Amino acid sequence: MRLEVNGDHHEVTGPTLADALTELGWGEARVATALNGIFVARAARGETDLKDGDRLEVLAPMQGG
Amino acid sequence: MRDFYGITLAPPLMLGTAQYPSPAVLEAAFRASGASVATVSLRREGGQGQGFWKVIKGLGVHVLPNTAGCHSAREAITTAQMARDLFETNWIKLEVIGHTDTLQPDPFGLLEATEALAADGFEVFPYTTEDQVLAAYLLQAGAKVLMPWGAPIGSGLGLNNRYGLKTLRAAFPDVPMVIDAGLGLPSHAAHALEMGFDAVLLNTAVAQAGDPVAMARAFALAVEAGQSAHAADPMAPRDMAHPSTPVVGKAWL
């Protein structure tokens, strides 16, 4: 299926958010996720199914004031 | 002593992690400042987040994630939820920005987000103005700490409205308050602590100084001086001169 990940298009198999993160290379990474603008907790990624056209945000720790 | 959701900060200095010339300078500045809290943000993972997190973990300080750049309560709430998942802390420096030029908080969005996040178990540090009425609403909404600005973020102007800040401090004597944003010089930080504020948060003043590590050290000294001065109960200012040398016993010449 086709996802929009951090603004870029990606093809993933899924079917869950946890699967997609592994495919995208973030399986072990410290990241936070939101699907179509809604927060998805780390613990819920395995039960969160994706569908074609979903918009995924994958955020990481970054410099801040 | 007023604490921050059960945590006593020693020294009461929070330092931002942005805009340093390099990660090495960031680490050296933290060591020189002795800061007890590091503020961080969340951004789209572009390959640098994991390395940055290692640097922050290595500092061994409390981590305070922010919602910088959020312009609505909804956006700030979602960012806070993601921050809690990522940083494993209930602390959140809540920014809901109302204007792009001044980065002034949107009081209505801030109140809405504070209420929602406090009800959800977050320990909210709302970035606010010196507005005393808004402060009362934020406390009522569940915030147990306030972060009034000194001046607009990154401006380096210091304490823009000392009267307003003094009034705010006096109005809520039991509430821990951090002067956040706008500090440009160590003297600004010293002044904030002398006035009875419990901590200061700064970033640009250190990160963008010609020598960030030396400036971090200068802020550490200022914070210590300001805190000691407040504890020592400063004299009240007077409009007129008052001789410090005794008048009695002066010679007739």
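Just so it is clear, the model here is predicted, and its values are computed rather than measured. All chains are named by letter (A, B, ...) in the order of the sequence lines, taking the proteins before the strands, and each is independently numbered beginning at 1.
- Residue-environment remark: CD (Glu11(A)) exceeds the threshold of 12 foreign heavy atoms within 6.0 Å.
- In this structure, Ala60(A) and Gly49(B) approach most closely via the heavy-atom pair CB-CA, 3.9 Å.
- For chain A, no part of Tyr20(B) is nearby; none of its heavy atoms comes within less than 4.5 Å.
- The distance from the CZ atom of Arg44(B) to the CD atom of Glu57(A) is 4.0 Å, given to the nearest 0.5 Å.
- Rounded to the nearest 0.5 angstrom, Arg43(B) CZ and Leu59(A) CG are separated by 8.5 Å.
- The shortest heavy-atom contact between Arg45(A) and Asp85(B) is NH2-OD2, 3.8 Å.
- Side-chain atoms of Arg30(A) never come within 3.5 Å of backbone atoms of Gln50(B) as a donor-acceptor pair (strictly under, hydrogens ignored).
- With values rounded to the nearest 0.5 angstrom, Ile38(A) atom CD1 is found 8.5 Å from Gln81(B) atom CD.
- For the residue pair Leu42(B) and Ala32(A), the shortest heavy atom distance occurs at CD2-CB, 4.3 Å.
- With chain A as partner, the option from Leu86(B), Asn203(B), Leu202(B) having the largest number of non-hydrogen pairs under 4.5 angstrom is Leu86(B).
- Neither the backbone nor the side chain of Arg84(B) comes within less than 4.5 Å of any heavy atom in chain A.
- Contact annotation for Glu75(B): neither backbone nor side-chain heavy atoms come within less than 4.5 Å of a heavy atom of chain A.
- The closest donor-acceptor contact from the side chain of Thr17(B) to the backbone of Gly64(A) lies under 3.5 Å.
- At a 4.5 Å heavy-atom cutoff, Val5(A) makes no contact with chain B through either its backbone or its side chain.
- At most 12 non-hydrogen atoms from other residues, nucleotides or ligands lie less than 6.0 angstrom from CD of Gln48(B).
- Residue Phe108(B) qualifies as open at atom CZ: its count of foreign heavy atoms under 6.0 Å is 12 or below.
- Between chain A and the residues Ala18(B), Gly69(B), Gly16(B), Ala207(B), the most heavy-atom pairs under 4.5 angstrom are made by Ala18(B).
- The pair Glu88(B)-Arg42(A) does not count as a salt bridge, with every side-chain nitrogen at least 4.0 angstrom from each carboxylate oxygen.
- Using a 4.5 Å cut-off between heavy atoms, Leu201(B) contacts chain A through its side chain alone, with no backbone atom that close.
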